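Only a predicted model underlies this, so the values are computations on that prediction, with no experimental measurement involved. Whatever order the structure lists ligands and atoms in, that order sets their numbers, starting from 1.
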Amino acid sequence: MELLSPRTLDEAYRALMTDEARCLAGGQSLVAMMNLGLVSPSLLVSLRHIESLRGIYLNPDGSVRLGAMTTHAELAELDLPGAAVSLLASAARVVAYPAVRMQGTLGGSIAHADPAADYPVVLTAAEATIEIGSARGTRFVKAGDFFRGVFETALQQGEIVVAVVLPPVVAHAGAAYEKLSVVAGDFAIVSVAAIVAATAQVAIGGCGPKPLFACNLAVTDDALLTVGRRLAEESDPPSDQRASAAYRRRVIPALMRRAVRAAQARR
Ligand SMILES: Cc1cc2nc3c(=O)[nH]c(=O)nc-3n(C[C@H](O)[C@H](O)[C@H](O)COP(=O)(O)OP(=O)(O)OC[C@H]3O[C@@H](n4cnc5c(N)ncnc54)[C@H](O)[C@@H]3O)c2cc1C
């Protein structure tokens, strides 16, 4: 196996035109998969030295652009205005534990697209946009369309997640992320990301191949319970060593209500 460490995106794009080439970001998921023999790329293209994949910028329109190589630890320290930013920072603080947070990256996590991971849920709730680059050019995909299934995204052969763009700040909005896990630092059994302004928008993670999303929700107990029950019915959760599918379905309405109420309190 060969390892390349390009300095520019164009070099990386050229290297990724090779069949069996794969990006290496923080290595926290990819190296484990290689050790288990699940993947065996002939070429690893390290993204570590590509400066344009780093940096966090507040755009003039109030949107925030986060380079794909931003680490979980950097995201956990984000200090910019807006509900979407605080939602992402809350999620980053509960990804794994410090050693993983120092190495793992935003781009690596969303490209990996584990249904129990934290960022797919918060980026879907925040209606973030994913910037994707390749030798063919740049395209932008809404988070709701980016996550396609279990470890499956809209990324095509040779494409790199370049950045994530969070939408401009909404006045008087609050956000909260509720993650139910067996122990702190583990993947979620169920997670809920909520943003509340005049109405609520939520995404549910860990309960199917991709996050479930609902918006324009009235913030009353009755409405939240109804929507929570509907989402639980629509969900397709796994049964695994962490919890049964029935348990996951059962906790969705209560966890959703808790996230929405916490977001409302932060408005
Ligand atoms: C013990 C442990 C606990 C964990 N707990 C959690 C948790 O609680 N919550 C959670 O969300 N995650 C958790 N993770 C996963 C962690 O967040 C990883 O950091 C993340 O999934 C992968 O990010 P990475 O930068 O390490 O990517 P890598 O492992 O380097 O790459 C992962 C995949 O993404 C591809 N890739 C990487 N970067 C890009 C890019 N920019 N564009 C296109 N493709 C790319 C790679 O080719 C590979 O297929 C845990 C991991 C470990 C080891």
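Looking from atom 1 (C) of ligand 1 to the surrounding protein, the closest heavy atom is Tyr97 OH, 3.5 Å. When hydrogens are left out, the protein atom nearest atom 42 (N) of ligand 1 is Val161 N, 2.8 Å; that is the closest non-hydrogen contact. Of the protein's non-hydrogen atoms, the one nearest atom 12 (N) of ligand 1 is Phe187 CE2, 3.4 Å. When hydrogens are left out, the protein atom nearest atom 51 (C) of ligand 1 is Val100 CG1, 3.9 Å; that is the closest non-hydrogen contact. At the shortest separation from atom 47 (O) of ligand 1 among protein heavy atoms lies Cys23 O, 2.6 Å. The protein non-hydrogen atom at the shortest distance from atom 21 (O) of ligand 1 is Ser29 OG, 2.8 Å. Shortest contact from atom 25 (O) of ligand 1 to any protein heavy atom: Thr105 OG1, 2.6 Å.
Some N or O of Asp118 is nearer than 3.5 Å to an N or O of ligand 1, by distance alone. Here's the thing with Glu159: none of its N/O atoms is less than 3.5 angstrom from an N/O atom of ligand 1. Residue-to-ligand polar distances keep Val95 apart from ligand 1: every N/O pair is separated by 3.5 Å or more. The distance criterion of under 3.5 Å between nitrogen or oxygen atoms is met by Leu30 with respect to ligand 1.
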Checklist line | Step-by-step salt bridge (Lys or Arg N to Asp or Glu O under 4.0 Å) determination, Asp240 to Arg248 | finding: CA-CA 11 Å; Asp240 57 23; Arg248 286 181 158 98; 3.2 Å; yes
Note to self: What verdict does the salt bridge (Lys or Arg N to Asp or Glu O under 4.0 Å) test give for Arg139 and Glu159, after you've listed the backbone C-alpha separation in whole Å, the side-chain angles of each residue and the deciding distance to 0.1 Å?
What the structure shows: CA-CA 10 Å; Arg139 64 189 182 106; Glu159 289 190 320; 2.8 Å; yes
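The distance from atom OG1 of Thr138 to atom CD1 of Ile132, rounded to the nearest 0.5 Å, is 10.0 Å. Here CG of Asp118 is found 6.0 Å from OG of Ser191. Values are rounded to the nearest 0.5 Å.
Between Asp145 and Lys210, no side-chain nitrogen of the basic residue sits less than 4.0 Å from a carboxylate oxygen of the acidic one, so the salt-bridge criterion is not met.
For the side chain to side chain contact (heavy atoms under 4.5 Å, CB included) test, residues two or more places apart in sequence or in another chain that qualify with Val183 are Asp186. Considering only residues two or more places apart in sequence or on other chains, Arg7 meets the salt bridge (charged side-chain N to carboxylate O under 4.0 Å, His left out) condition with none of them.
The Ala111 neighbourhood of ligand 1 comprises atoms 34 (O), 35 (C), 36 (N), 43 (C), 44 (N), 45 (C), with distances under 4.0 Å to a heavy atom of that residue. Close approach of ligand 1 to Ile160 (heavy-atom distance below 4.0 Å) involves ligand atoms 41 (N), 42 (N), 43 (C). Atoms of ligand 1 lying under 4.0 Å from at least one heavy atom of Gln28, given by number and element, are 18 (C), 19 (O), 26 (O), 29 (O), 53 (C). Listed by number with element, the atoms of ligand 1 under 4.0 Å from a non-hydrogen atom of Arg22 are 47 (O), 49 (O). Listed by number with element, the atoms of ligand 1 under 4.0 Å from a non-hydrogen atom of Asp186 are 8 (O). Less than 4.0 angstrom separates some heavy atom of Gly26 from each of these atoms of ligand 1: 24 (P), 25 (O), 26 (O), 27 (O), 30 (O). Those atoms of ligand 1 that come under 4.0 Å of a heavy atom in Lys179, given as number and element, are 7 (C), 8 (O), 9 (N).
For the residues Gly185, Gly27, Gly108, the heavy atom positioned nearest atom 28 (P) of ligand 1 is part of Gly27. Considering each of Leu47, Ile130, Val121, the one bringing a non-hydrogen atom nearest atom 40 (C) of ligand 1 is Leu47. Of the listed residues (Ala116, Ala25, Ala96), the one carrying the non-hydrogen atom nearest atom 7 (C) of ligand 1 is Ala96.
Judged by distance alone, with hydrogens and angles left aside, the side-chain atoms of Arg65 form no donor-acceptor pair with the main-chain N or O of Val164 at under 3.5 Å. Listed for the Arg229 side chain is no donor-acceptor partner under 3.5 Å among the backbone atoms of Leu224. Between the side chain of Ser90 and the main chain of Ser86, a donor-acceptor pair closer than 3.5 Å is present. At distances below 3.5 Å, not a single donor-acceptor pair connects side-chain atoms of Glu178 with backbone N or O atoms of Val192. For the pair Thr18 (side chain) and Ala21 (backbone), a donor-acceptor distance under 3.5 Å is absent.
Looking at His72 against ligand 1, only its side chain comes within 4.0 Å, counting heavy atoms. Neither the backbone nor the side chain of Tyr119 comes within 4.0 Å of ligand 1, counting heavy atoms alone.
For the residue pair Ser63 and Asp61, a side-chain donor N or O sits within less than 3.5 Å of a side-chain acceptor on the partner. Using modelled atom types, one finds a donor on one side chain and an acceptor on the other under 3.5 Å when comparing Arg261 with Gln264.
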